[in-house]
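Before any comments, here is the structure.
All of these numbers come straight from a predicted model, not from anything done at the bench.
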Amino acid sequence: MEKVEKLPKSIKTIWRLHAIIEFVIFMIIMVGISFIRLSLSQKIQNYFDLTWGLVVGIGTVLLIISFVWVNYLWTFWTYYIDEREVQLHSGYFFRKQVIIPIARVQNVTLKQGPILRWKNLQKIVIVTAAGKSEIDGIKSDQADKLKETIMKLAQEAKNDI
């Protein structure tokens with residue numbers, strides 16, 4: 001593989017679903033806090049007061065921003081693999097470039113939870129002594145090939161040293 005690759009478009013669905021799950025968890029916590037507040041105050045209060053409306057409004061705005069952010073993330077997230085290195089690029093305004101020398105790769109792991117499995121995607125985790133880097137979602141058949149390619153290149157690089 002000697003060209004810059006993008007993540008598949010189906011990863012955007014996964015990222016959006018993740019944002020919705022975070023929003024639902026946020027709202028459940030806020031409802032729980034509201035019920036605790038009401039039970040401790042012993043007064044009958046209007047449940048949908050200004051504070052509650054503010055919380056729902058902020059949560060909704062954050063959800064909308066997350067949906068827009070998904071398009072930004074996907075547009076500027078690329079990776080490149082050759083016989084010398086693995087490069088991960090993300091961001092336009094806040095650019096991040098991770099370069100992993102192939103000779104430093106210790107392990108490559110594939111992860112797949114139920115949501116990734118639903119879209120037939122896998123996360124690739126590249127482990128070095130300095131830490132780990134991830135490629136969020138690659139089609140399962142391509143992820144298997146990438147794992148084998150990276151490990152083969154890493155083994156060859158270590159044999160050359």
Around atom NZ of Lys6, are there more than 12 heavy atoms of other residues, nucleotides or ligands at under 6.0 Å?
yes

List in chain and number order the residues that pass side chain to side chain donor-acceptor pair (under 3.5 Å) with Lys139, two or more places apart in sequence or in another chain; answer none if no residue qualifies.
none

How far does [atom1] of [X] sit from [atom2] of [Y], to the nearest 0.5 angstrom?
| X | Y | atom1 | atom2 | value |
| --- | --- | --- | --- | --- |
| Leu146 | Ile81 | CG | CD1 | 4.5 Å |
| Ile138 | Tyr79 | CD1 | OH | 3.5 Å |
| Ile58 | Leu63 | CD1 | CG | 14.0 Å |
| Met151 | Gln106 | CE | CD | 9.5 Å |
| Arg117 | Gln122 | CZ | CD | 9.0 Å |
| Lys147 | Leu110 | NZ | CG | 5.0 Å |

Mark yes or no for whether Lys111, through its side chain, and Val125, through its backbone, hold a donor-acceptor pair below 3.5 Å.
no

With side-chain contact (heavy atoms from CB on, under 4.5 Å) as the test, would you mind laying out the steps for Ser133 and Ile100 before giving the verdict?
CA-CA 9 Å; Ser133 297; Ile100 306 164; 3.7 Å; yes

Check: [Y] and [X] side chains under 4.5 Å, non-hydrogen atoms:
| X | Y | result |
| --- | --- | --- |
| Leu88 | Gln97 | no |
| Ile14 | Leu17 | no |
| Leu121 | Gln112 | no |
| Val86 | Leu153 | no |

Mind running side-chain contact (heavy atoms from CB on, under 4.5 Å) on Val127 and Arg104 for me, showing each step along the way?
CA-CA 9 Å; Val127 180; Arg104 301 288 182 221; over 6 Å; no

side-chain contact (heavy atoms from CB on, under 4.5 Å) against [X], all qualifying residues, sequence neighbours excluded:
| X | value |
| --- | --- |
| Ser66 | Ala19 |
| Lys9 | Trp74 |
| Glu148 | none |
| His18 | Glu22 |

Tell me who clusters with Ile65, hydrophobic residues only, linked when side chains sit under 4.5 Å apart either directly or through other members.
Val61

Starting from Val68 and following side-chain heavy-atom contacts under 4.5 Å between hydrophobic residues (I, L, V, M, F, W, Y), which residues can be reached?
none

Got a sec, which pairs hit salt bridge (charged side-chain N to carboxylate O under 4.0 Å, His left out) with one end in residues 84-95, sequence neighbours left out?
Asp82-Arg84

Residues in ring-ring contact (aromatic ring centres under 6.0 Å, His included) with [X], at least two apart?
| X | answer |
| --- | --- |
| Trp118 | none |
| Phe67 | none |
| Tyr92 | Phe76 |

Those residues at least two apart in sequence (or on a different chain) that pass salt bridge (Lys or Arg N to Asp or Glu O under 4.0 Å) with Lys123 are Glu134

Determine whether Phe94 and Ile99 fall in the same hydrophobic cluster, where Ile, Leu, Val, Met, Phe, Trp and Tyr are linked whenever their side-chain heavy atoms lie under 4.5 Å apart.
no

Using the rule that Ile, Leu, Val, Met, Phe, Trp and Tyr join whenever any side-chain heavy atoms are under 4.5 Å apart, tell me whether Ile64 and Ile20 fall into a single cluster.
no

Ignoring hydrogens, what is the shortest heavy-atom contact between [X] and [Y]? Give both atom names and the distance.
| X | Y | result |
| --- | --- | --- |
| Leu7 | Gly137 | CD2-O, 3.7 Å |
| Trp15 | Val70 | CB-CG2, 3.6 Å |
| Ile135 | Trp77 | CA-CH2, 3.9 Å |

Side chain to side chain contact (heavy atoms under 4.5 Å, CB included) with Ile124: of Asp144, Asp136, Val108, only one passes, and it is Val108

Could you give me the CA-CA distance, side-chain angles and deciding distance for Leu62 and Phe26, then say whether side-chain contact (heavy atoms from CB on, under 4.5 Å) is met?
CA-CA 11 Å; Leu62 290 176; Phe26 171 77; 5.8 Å; no

